[in-house]
Amino acid sequence: MLNVPSQCFPAPSSQQRSASGGRSKVPLKQGRSLMDWIRLTKSGKDLTGLKGRLIEVTEEELKKHNKRDDCWICIRGFVYNVSPYMEYHPGGEDELMRAAGSDGTDLFDQVHRWVNYESMLKECLVGRMAVKPAIPKGSHEGKKVLNGMLPKSPVTDPLPKEGPSSPSYDWFQTDSLVTIVIYTKQKGISLDSVIIDHQGDSIRAEVIVKDYSYLLHIELCHDVQEDFSVRVIENVGKIEIILRKRENTSWKCLGRPLENDNSLIPKKDRGLCYRKCQLISKEDVTHDTKLLCVMLPPSTHLQVPVGQHVYLKLTITGTEIVKPYTPVSDSLLSEFKEPVLMNNKYIYFLIKIYPAGLFTPELDHLQIGDFVSVSNPEGNFKISRLQELEDLYLLAAGTGFTPMVKIMNYALTYLPSLRTMKLMFFNKTEDDIIWRSQLEKLACKDKRFDVEFVLSASTSDWNGKQGRISPALLSEFLKTNLDKSKVLICICGPTPFTEEGIKLLHDLNFSKDEIHSFTA
Ligand code: FAD
Ligand code: NAP
């Protein structure tokens with residue numbers, strides 16, 4: 001799996017070429033792939049020039065290291081010498097130089113806050129900032145205690161005035177139960193807005209309130225059973241976490257606050273939290289795409305909202321690698337159950353295995369019973385975009401089909417207003433079409449749904465549509481009586497495909513509000 005192909009890098013199809021967050025990636029020189037970087041970090045070479053010493057870095061000192069061959073960057077209070085990494089950075093050297101000799105936390109978070117830089121850059125660690133910039137007044141991150149984790153950015157924005165009012169929590173007990181109640185003060189909180197992990201004697205509950213993250217994080221003062229139940233009282237925004245005591249003793253207190261307990265910060269500033277999930281099944285879907293099912297631990301409550309993705313993490317030759325994946329339903333044809341109603345212990349993924357890729361071959365090598373770490377959900381799709389929708393158009397290329405799966409299931413099950421739902425699915429060949437027969441069956445079963453396959457490398461016996469996304473294909477596909485109807489067009493695939501599609505949709509006079517594109 002360490003074989004790196006000798007063609008130009010990244011290959012035209014490489015994920016390392018596709019931009020995340022709308023940025024273009026640059027071609028890297030041969031021998032400068034992520035795997036090459038990992039090899040270099042394991043070679044024992046002194047990558048900081050400090051012979052393994054860690055130093056305290058003042059702001060003045062940091063500022064001096066602002067050249068390509070001597071470039072230090074601070075991320076969340078830790079300083080890295082990134083000069084050796086320059087040629088390996090998929091976003092290019094210029095992008096890294098934007099943060100040279102300064103605090104790059106904000107820049108980093110804007111582009112790829114999910115990238116596991118602590119692991120990737122550990123051999124480049126110079127040390128910590130000696131003097132932390134003052135924490136802005138009103139920031140709830142102020143009480144931070146380092147608990148074996150990197151500190152968050154000291155430049156977290158203070159809460160804007162229009163943010164939600166801070167939730168609070170309380171608890172009560174019976175002989176056998178302890179109930180923690182979180183008052184979000186926000187109507188319409190649903191079960192997928194709360195993610196709970198109970199590990200050892202600590203409980204961590206993150207509640208998503210609009211674009212903010214509220215955290216409850218405590219070390220319980222007595223033992224409880226591993227599993228627990230959660231109840232949401234939507235109309236008052238109350239969440240109850242019901243724990244079962246191991247012993248029927250009366251608790252004098254709930255426990256001790258841990259790092260960031262009772263904090264409310266913008267969601268983008270909260271670090272990703274992972275839990276280990278077990279691989280339950282793995283089945284072939286096409287020649288290179290598999291349906292993987294993983295099981296959450298009993299001590300976790302997590303439901304991935306429609307249209308959102310998670311990050312999977314594996315340790316590959318000693319370095320933690322993280323990549324985003326969009327959970328799907330187990331099938332297009334089984335009855336769709338809203339996340340709230342699901343026995344939410346299983347998460348399904350449709351994953352294309354790239355033989356020369358870094359992450360997917362490792363995933364493919366996992367055996368049933370092995371573990372992979374799964375993050376909290378992320379993404380900017382809001383289910384409210386589907387409300388009262390009449391016409392839903394889905395443009396998917398390759399595995400860009402994955403976010404469409406739950407959207408399709410949800411729309412057909414829960415949108416009484418839905419009149420038509422059409423999918424245009426772009427692939428290279430017939431063999432690449434994911435769930436083709438399910439899509440065709442669904443089109444027969446439900447009159448509202450229609451699917452068109454478009455192939456870019458079809459064989460001569462293909463009678464369907466051919467080519468890449470184009471004005472002609474789109475205007476024909478979208479040719480219905482759209483006047484005055486409420487319409488949404490979702491688009492997902494390789495970044496250039498998505499960018500081209502958005503441009504063409506604007507040319508066809510669709511507004512920003514009528515288009516949703518999926519990106520990292
Ligand atoms: P990479 O290492 O990125 O390689 C990909 C391609 O580049 C391969 O063809 C490989 O041959 C080529 N390549 C790699 N290294 C070299 C080299 N040195 N020289 C030449 N060529 C090279 N994917 C899914 O399958 N399912 C999903 O549900 C899904 N959801 C996603 C959600 C989001 C929000 C985003 C942004 C992406 C999603 N992806 C999904 C894509 C996924 O995150 C990965 O990018 C993908 O799995 C490839 O990872 P990899 O490390 O195996 O491949
Ligand atoms: P693929 O098989 O390489 O390509 C699928 C189709 O897209 C092919 O017909 C291909 O045509 C076409 N295409 C590729 N580049 C294009 C371009 N520049 N302009 C127009 N059409 C183009 O795709 P894949 O390997 O499955 O990759 C899927 C992509 O979707 C990945 O980049 C993945 O990261 C992304 N994805 C994103 C999300 C998300 O953001 N939420 C979720 C899932 C997947 P050609 O044969 O002519 O190249």
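Just so you know, these numbers use all the heavy atoms, side chains as well, and skip hydrogens, waters and symmetry mates. When a ligand or atom number is given, it counts from 1 through the structure's own listing order. Fair warning: this is a prediction, and the values are worked out from it, not measured in the lab.
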For ligand 2, is A457 a contact, meaning one of its heavy atoms is under 4.0 Å away? no

Looking at ligand 2, would E500 count as a contact under a 4.0 Å heavy-atom criterion? no

Mind checking what makes side chain to side chain donor-acceptor pair (under 3.5 Å) contact with R468, not counting sequence neighbours? none

Any atoms of ligand 2 less than 4.0 Å from a non-hydrogen atom of N427? List them with their elements. 8 (C), 9 (O)

What atoms of ligand 2 come closer than 4.0 angstrom to any heavy atom of T326? 41 (N), 42 (C)

Geometric N/O contact [X] with ligand 2, under 3.5 angstrom:
| X | value |
| --- | --- |
| T495 | no |
| K428 | yes |
| F518 | yes |

Tell me whether ligand 1 is touched by Y325 - counting only heavy atoms on the residue side and a distance under 4.0 Å. yes

For L363, state whether at least one heavy atom is located under 4.0 Å from any atom of ligand 1. no

Side chain, backbone, both or neither: the part of [X] lying under 4.0 Å from ligand 1 by heavy atom:
| X | value |
| --- | --- |
| L358 | both |
| V328 | neither |
| L34 | neither |

If we set the cut-off at 4.0 Å for heavy atoms, which region of [X] has an atom near ligand 2: side chain, backbone, both, or neither?
| X | answer |
| --- | --- |
| T399 | both |
| Y354 | side chain |
| K352 | side chain |
| C492 | side chain |

Examine the side chains of D284 and T286 and answer whether a donor and an acceptor come within less than 3.5 Å of each other. no

Regarding S263 and R270, is there a side-chain donor-to-acceptor distance under 3.5 Å anywhere? yes

Under the criterion salt bridge (charged side-chain N to carboxylate O under 4.0 Å, His left out), which of K486, R419, R448 is the partner of D391? R419

Can you tell me which residue pairs pass the salt bridge (charged side-chain N to carboxylate O under 4.0 Å, His left out) test with a partner in residues 350-360, sequence neighbours excluded? none

Does the side chain of K267 reach to within under 4.5 Å of the side chain of E378, using non-hydrogen atoms? yes

Taking the six-membered ring for Trp, are Y311 and H309 parallel (under 30°), tilted (30 to 60°) or perpendicular (over 60°)? perpendicular

